[in-house]
2 protein chains.
Amino acid sequence: MVESTTTIYDVARVAGVSMATVSRVVNGNANVKEKTRQKVLDAIAELDYRPNAVARGLASKRTTTVGVILPTITSTYFAAIARGVDDIASMYKYNMILANSDNDVEKEEKVLETFLSKQVDGIVYMGSTLDEKVRLALKNARTPVVLVGTIDGDKELASVNIDYHLSAYQATTKLVNSGNKKIAYIMGSLKDAENTERMVGYQEALIEAGIEFDEGLVFEGNYSYEQGRALAERLLEKGVTAAVVAQDTTAVGLLSALMEKGINVPEDFEIIAGANSPITQYTYPRMTSVNQPLYDLGAVAMRLLTKLMLKEEVDENQLVLDHEIISRHSTK
Amino acid sequence: MVESTTTIYDVARVAGVSMATVSRVVNGNANVKEKTRQKVLDAIAELDYRPNAVARGLASKRTTTVGVILPTITSTYFAAIARGVDDIASMYKYNMILANSDNDVEKEEKVLETFLSKQVDGIVYMGSTLDEKVRLALKNARTPVVLVGTIDGDKELASVNIDYHLSAYQATTKLVNSGNKKIAYIMGSLKDAENTERMVGYQEALIEAGIEFDEGLVFEGNYSYEQGRALAERLLEKGVTAAVVAQDTTAVGLLSALMEKGINVPEDFEIIAGANSPITQYTYPRMTSVNQPLYDLGAVAMRLLTKLMLKEEVDENQLVLDHEIISRHSTK
DNA sequence: TTGTATGCGTTATCAG
DNA sequence: CTGATAACGCATACAA
C-alpha cells in the first residue's frame, strides 16, 4: 500500500513492452497482438494501474468533461434537466462539471471562464435570461455550446426548447373554454425571449375569444413559492378566476394560499402550472400542468452536444420538443 | 479571431520576459518586480491569455476539482446538500464534478474510479446505503473523502450527519404526547446504519410511553411518492393514527392519499416528515417536519473536505449538526 | 505489430 | 528578482 502513482511506464516495464503499446491497449487500439495485449492487461491488473485522465487530457486535448451551468440545482425544474444531461453524458463517457449561477451575469461569466480554462469539451447552458455579454462569450467560445430552455434570439447558438408560444396559447385557451373571463398569466421577465413568446400566445388566445387584453393581469414571476402566495390576494382583488403560472414553485405557492383562504380549486379558481415538475403532483389537488419534457430536454441537449463535440453532421441545431397539457385537478 | 491556443510562451514573448516569470505573476508569486508584473499583465490582456488548467493540473498534481456522488440530483434532499457543497466549493475555488449513482453499487464503483482517474482533489459521497465494497474503495483512495448523510459504522471515514437516533426519538415522542397509540415509522433500508439508529430512537420513545413495539408498524421506504400513496391504505387498515416518514417525498405521497380519502390531517392522522426539504412546505396542509440542515450539511462537509485536502489540522472528523422539529399543520 | 521520440502547457527546482 | 530546464503522464506521428 505504498503506492507512488503507477504510470504507463511501470506497466510497460512489467509487461516487457513499450509504453506506446500499453497506451494502445488502454485505448482499445486494434493493432496489438492478442498475446501482448494479454501481457499488458495482466500487468495493469497486477499494478492496479489507472490511467491519469489529466495527462491524457493534456496530450489529447480532450477531457471527456462537459460544463453545465444552471441557475440553481435546487430547482426541480433544472434538476430534472440536469439528470437528463448526466444520463446521456455518462452514456457517452463524459462527466459533468456542474455550476450554479443564480442567474447572476457575473457568476455566469466567471463560471464560463473556469470551464474554458479547464478545457471542457462542451458546455450546456441553462438560464432564463441570456445576457448579451454571456451570449457573446458563449458564441466566441471555441467549445461547442447547447442552450436548454433558453432562447437565443439570433439562433446562432444550438438550443433545445419547447414551443413556448404554443404552450401559452393552449393553456390560455383551455381556461377560456371553461368559462373564465379574467385570466392572469404569471411568467418570468419579459426581457427573456421565452417569455415574450409566451406573452404573444396568451394574447392571441384572448383575442380569439374576444376577451380584451389587460396588461394588469400579466405578472413577472421570480420563481419563488412565496411570491405565488403573495399573488393570491392581488389576483382575487382583481376578480381573476384563473391563472397560468409558468414557474411551478410559484404555482404551488399560489395554490396553497388560495386553499388556505378557502377558495375552492378548481371550482372557483383554476390554475395551470408551466413545467410539470414533480412538485405539481405533490400538491392537493394535483395540478394541471403544461408538461415540458424536462428530462428529455436535457438528454436531447446532451446528445446534440456529443455530435457537436465529435464534429458530426448536424442538420438542425434549433430543436423543439413536444409538450402537452396534462389535466389534473386544478382545472375543471 | 484566428486563435490557436495562446500559451504561457506567447505571453512571455510579448512581455519580453521568460515563461517562468509569467507563471509567477499568474500564480500571484510575490517575487516579481512591480514593473515586470505590469508588463506581463498587459501582455495577458492583449493576448486574452487563459491558463490551461489541465496542464496546470498535470504539473502541480492539483485539479481544484472535487467529485460529488449522490443517488440522484432530482431529489430535493440531495439537491439542497449539493448546493451547500457547491457554494463552499466555489468559495474555495473548487469546481464540482457531479455524478448520479441511483444508489447502484456498480455505478458507484465506476464513478469512483472515474473520479480518481480524473485526479479530483477530494470526494463528497452521499448515499443512503454505504456498501462494503464502496466503503473499502473510499477508504483506500489516496484522496480525501467526506460522507454526508451517510454513516460509516467504523467511523474511519470523515462524515457530516445529524443525530438520527435523537430525531426519531423526538418525533415519536411528539406523536405519543398528542395521544397516538399506533404510530408507524417509515424509513429506508434497515441495513443502513442511519436507519438502525432511527429504529432504536423510535423504540425507546415507545417504551418510555409504555407502548408495545409492533414490528408491523415499521416500513422500509424507497423514497418514492407513489409508495407513500400506496402506504395510506395499509396504515389505515392497521388502525394507525400517526406516522413518522423519513423520506419527504414519501411523506408527501402519504399525505396526498390520505387527503383524497377524506381523512383529516392532522385531526385524524398526524404526519411528521423527515427532512424538511422544500416540498414539505408546498403541501396543504404544510407538513410538520424534522428539519435537517441540508444546505449546511453540504456546506460543512465541503469545508471539512477543504481542510483535509489542504492537510490542515482536523480535530474531529465525525461531525453532527443540530436538527429540530418544525411544527406546521400535519400535526396537532 | 511494436518501439522511439516529441509535444501537450504548466509548475517547480536550481542557478545566477 | 529572473531565466533555464527538467518533470508531470500520456497520445501520437513516424520509423522500423
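Keep in mind that the numbers below use all heavy atoms, side chains included, and drop hydrogens, waters and symmetry copies. In the text below, chain A, chain B and the rest are named by the order of the sequence lines, each starting its count at 1.
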Colleague: Within the structure, does a side-chain N or O atom of A:Thr36 lie under 4.0 Å from either OP1 or OP2 of C:dT2?
Modeller: yes
Colleague: Would a distance-only check, ignoring hydrogens and angles, find a side-chain to backbone donor-acceptor pair under 3.5 Å from A:Thr150 to A:Gly127?
Modeller: yes
Colleague: Heavy atoms only, 4.0 Å cut-off, all strands: where does A:Asn31 land among base, sugar-phosphate and nothing?
Modeller: base
Colleague: Checking A:Thr7 now: which residues fulfil side-chain hydrogen bond (donor to acceptor under 3.5 Å, both in side chains) with it, not counting sequence neighbours?
Modeller: none
Colleague: Students often get this wrong, so: under 4.0 angstrom with heavy atoms, is B:Val17 touching a base, only sugar-phosphate, or nothing?
Modeller: sugar-phosphate
Colleague: In whole Å, what is the span from the CD atom of A:Gln119 to the C1' atom of C:dC8?
Modeller: 10 Å
Colleague: Applying salt bridge (Lys or Arg N to Asp or Glu O under 4.0 Å), which residue pairs with at least one partner in residues 114-132 of chain B are found, sequence neighbours left out?
Modeller: B:Glu132-B:Arg135
Colleague: Figure out the NZ/P separation between B:Lys39 and D:dG3, and round it to whole Å.
Modeller: 8 Å
Colleague: Can you tell me if A:Ser18 touches the phosphate of C:dG3, counting only side-chain N or O atoms and a distance under 4.0 Å to OP1 or OP2?
Modeller: yes
Colleague: Please list all pairs meeting salt bridge (Lys or Arg N to Asp or Glu O under 4.0 Å) that have one or both residues in residues 49-60 of chain B, counting only residues at least two apart or in different chains.
Modeller: A:Glu113-B:Arg50
Colleague: Who passes salt bridge (Lys or Arg N to Asp or Glu O under 4.0 Å) against B:Glu34, sequence neighbours left out?
Modeller: B:Arg37
Colleague: Could you tell me the separation between the CG atom of B:Asp10 and the C1' atom of C:dC8, rounded to a whole number of Å?
Modeller: 14 Å
Colleague: Whole angstroms only, please: what is the CG-P distance between B:Asn29 and D:dC1?
Modeller: 10 Å
Colleague: Would you say D:dG9 has OP1 or OP2 under 4.0 Å from some side-chain N or O of B:Lys61?
Modeller: yes
Colleague: Would you kindly give the CG-to-P distance between A:Leu58 and C:dT6, to the nearest whole Å?
Modeller: 18 Å
Colleague: Go along nucleotides 11-16 of chain D 5' to 3' and tag each nucleotide: B for a protein heavy atom under 4.0 Å from its base, S when only backbone or sugar atoms are that close, - otherwise.
Modeller: BB----
Colleague: Would you sketch DNA chain C in dot-bracket for me? Only Watson-Crick or G-U wobble pairs with both distances under 3.5 Å count, crossing pairs as [ ], other-strand pairs as |, the rest as dots.
Modeller: ||||||||||||||||
Colleague: For a quick check of understanding: with a heavy-atom distance under 4.0 Å over all strands, which category does A:Arg62 fall into, base, sugar-phosphate or nothing?
Modeller: nothing
Colleague: Could you name each residue pair satisfying salt bridge (Lys or Arg N to Asp or Glu O under 4.0 Å) that touches residues 294-321 of chain A, not counting sequence neighbours?
Modeller: none
Colleague: Enumerate the residue pairs fulfilling salt bridge (Lys or Arg N to Asp or Glu O under 4.0 Å) with a member in residues 89-109 of chain B, sequence neighbours excluded, ordered by first and then second residue.
Modeller: A:Arg83-B:Asp102, B:Asp102-B:Lys107, B:Glu109-B:Lys133
Colleague: Side chain of B:Thr63, backbone of B:Gln119: donor and acceptor closer than 3.5 Å?
Modeller: yes
Colleague: Please identify each residue that fulfils side-chain hydrogen bond (donor to acceptor under 3.5 Å, both in side chains) with A:Ser90, with sequence neighbours left out.
Modeller: none
Colleague: Check whether any side-chain N or O of B:Thr5 sits under 4.0 Å from OP1 or OP2 of C:dG9, and answer yes or no.
Modeller: yes
